[in-house]
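Notes follow the structure.
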Amino acid sequence: MKNKIKILLVDDEPDVIEILTYNLSNQGYEIFSANDGIKAIKVANKILPNLIIMDVMMPNMDGIEACEELRKKSKFNNTIIMFLSARGEDFSYVAAFDAGADDYVTKPIKPKVLMSKVKSLLRRFKSFENFDDVIEVGDFIIDRERYSVIKNQKKFSLPRKEFELIFLLASNIDKVITREKIMNKVWGSEVVVGDRTIDVHIRKLREKFGNEYFKTIKGVGYKLIVN
């Protein structure tokens with residue numbers, strides 16, 4: 001029998017948990033819940049969920065801090081983390097993605113739309129299974145299992161989105177990856193994070209590894225160049 005996809009819901013509002021549980025259970029997912037960040041980490045350690053849907057503002061430990069703690073552990077490298085929050089400020093989006101989130105959705109959202117986003121996220125991350133776990137190109141060793149990059153024997157631990165961006169580019173070495181494909185693969189076609197999001201993450205990678213590796217193809221996208 002095929003294992004069910006496990007989803008952990010984290011919110012301090014019981015009504016939200018109840019509504020999400022009802023809708024997601026009807027899709028055949030196995031649902032678990034917690035009402036703050038500390039409990040979320042305990043439950044996640046026990047069940048190793050495929051997806052976590054989490055609020056930002058919660059007692060004891062907020063969602064951002066919980067996300068950061070989860071991303072410190074390699075066993076959650078393949079766990080998808082989606083924020084579902086009433087906070088829609090730009091700084092909340094930035095903080096969430098810097099902490100390692102894969103998506104950020106603002107409340108209220110219609111159940112059908114949320115179910116669509118959940119399916120899209122699960123599909124998108126399944127597509128990364130087609131890539132090798134370790135890629136060696138030029139001076140880089142990129143390890144998807146450990147979410148680490150080694151360059152000239154120096155190890156870098158990158159935020160999730162920066163890692164997925166360099167992994168995608170390295171998986172298509174010397175090929176131009178369009179901005180649209182980058183957005184779909186790394187952030188998802190339904191995620192709205194601002195027009196400059198890709199540029200900001202490329203700039204961060206250049207700051208870490210050097211300008212010469214990341215070439216901008218004006219009006220098209222980016223490619224990774226190695227000797």
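Everything quoted here is computed from the prediction, not taken from an experiment. The first residue in the sequence is number 1, and the count goes up from there.
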Any side-chain heavy atom of [X] within less than 4.5 Å of one from [Y]?
{"X": "Ser171", "Y": "Ile135", "result": "yes"}
{"X": "Leu8", "Y": "Leu51", "result": "no"}
{"X": "Leu24", "Y": "Met115", "result": "yes"}
{"X": "Ile41", "Y": "Leu70", "result": "yes"}
{"X": "Leu48", "Y": "Phe76", "result": "yes"}
{"X": "Leu158", "Y": "Leu205", "result": "yes"}
{"X": "Val149", "Y": "Lys155", "result": "no"}
{"X": "Asn45", "Y": "Lys73", "result": "yes"}

> Given the rule in the side chain to side chain contact (heavy atoms under 4.5 Å, CB included) test, do Tyr29 and Ile5 qualify, once you have shown the distances and angles that lead to the verdict?
Replying inline: CA-CA 5 Å; Tyr29 302 123; Ile5 290 173; 3.8 Å; yes
Taking everything shown except [X] itself, do over 12 heavy atoms lie less than 6.0 Å from its [atom1]?
{"X": "Gln27", "atom1": "CD", "value": "yes"}
{"X": "Lys208", "atom1": "NZ", "value": "yes"}
{"X": "Lys42", "atom1": "NZ", "value": "no"}
{"X": "Gln153", "atom1": "CD", "value": "no"}
{"X": "Lys175", "atom1": "NZ", "value": "no"}
{"X": "Lys223", "atom1": "NZ", "value": "yes"}

>> Pair Leu84, Ile109 - check side chain to side chain contact (heavy atoms under 4.5 Å, CB included), show working.
In response: CA-CA 9 Å; Leu84 181 62; Ile109 182 171; 3.8 Å; yes
Working to the nearest 0.5 angstrom, can you tell me the gap between [X] [atom1] and [Y] [atom2]?
{"X": "Glu180", "Y": "Ile198", "atom1": "CD", "atom2": "CD1", "answer": "10.0 Å"}
{"X": "Leu169", "Y": "Glu164", "atom1": "CG", "atom2": "CD", "answer": "12.0 Å"}
{"X": "Ile81", "Y": "Asp102", "atom1": "CD1", "atom2": "CG", "answer": "6.5 Å"}
{"X": "Asn60", "Y": "Glu65", "atom1": "CG", "atom2": "CD", "answer": "10.5 Å"}
{"X": "Ile52", "Y": "Ile7", "atom1": "CD1", "atom2": "CD1", "answer": "11.0 Å"}
{"X": "Leu9", "Y": "Ile53", "atom1": "CG", "atom2": "CD1", "answer": "5.5 Å"}

How close do [X] and [Y] get, counting heavy atoms only, and between which atoms?
{"X": "Thr79", "Y": "Pro49", "answer": "OG1-O, 2.9 Å"}
{"X": "Val137", "Y": "Val226", "answer": "O-CG1, 4.2 Å"}
{"X": "Ile182", "Y": "Ile177", "answer": "CG1-CG2, 3.5 Å"}
{"X": "Asn35", "Y": "Asp12", "answer": "O-CB, 3.5 Å"}
{"X": "Asp11", "Y": "Asp55", "answer": "OD2-CB, 3.5 Å"}
{"X": "Cys67", "Y": "Gly100", "answer": "SG-C, 3.8 Å"}

Could you see if [X] belongs to whatever hydrophobic cluster contains [Y]? Use Ile, Leu, Val, Met, Phe, Trp, Tyr and a side-chain cutoff under 4.5 Å.
{"X": "Phe32", "Y": "Met58", "value": "yes"}
{"X": "Val94", "Y": "Met57", "value": "no"}
{"X": "Met183", "Y": "Phe163", "value": "yes"}
{"X": "Val200", "Y": "Tyr222", "value": "no"}
{"X": "Leu168", "Y": "Phe97", "value": "yes"}

So, does [X] use its side chain to make a donor-acceptor pair with the main chain of [Y] at under 3.5 Å?
{"X": "Ser85", "Y": "Arg87", "value": "yes"}
{"X": "Arg71", "Y": "Arg160", "value": "no"}
{"X": "Asp36", "Y": "Lys39", "value": "yes"}

> Using links of under 4.5 Å between side-chain heavy atoms of ILVMFWY residues, direct or through other members, which residues join Val220 in one cluster?
Replying inline: Val176, Ile217
Is [X] salt-bridged to [Y], cutoff N-O under 4.0 Å?
{"X": "Lys72", "Y": "Glu69", "answer": "yes"}
{"X": "Asp143", "Y": "Lys151", "answer": "no"}
{"X": "Asp199", "Y": "Arg179", "answer": "yes"}
{"X": "Lys161", "Y": "Asp98", "answer": "no"}

> Would Val105 and Lys117 count as a side chain to side chain contact (heavy atoms under 4.5 Å, CB included) if you check the C-alpha gap in whole Å, the side-chain angles of each, and the deciding distance to 0.1 Å?
Replying inline: CA-CA 9 Å; Val105 180; Lys117 291 186 74 66; 3.3 Å; yes
> Who are the ring pair (Phe, Tyr, Trp, His ring centres under 6.0 Å) partners of Phe209, not counting sequence neighbours?
Replying inline: Phe140, Phe156
> Yes or no on side chain to side chain donor-acceptor pair (under 3.5 Å) for Lys112 and Asn23, after CA distance, side-chain angles and deciding distance?
Replying inline: CA-CA 9 Å; Lys112 285 185 178 180; Asn23 285 281; over 6 Å; no
> What residues form a salt bridge (charged side-chain N to carboxylate O under 4.0 Å, His left out) with Arg206, not counting sequence neighbours?
Replying inline: none
> Where do Thr106 and Tyr93 land on the side chain to side chain contact (heavy atoms under 4.5 Å, CB included) test, with the steps shown first?
Replying inline: CA-CA 10 Å; Thr106 53; Tyr93 281 81; 3.2 Å; yes
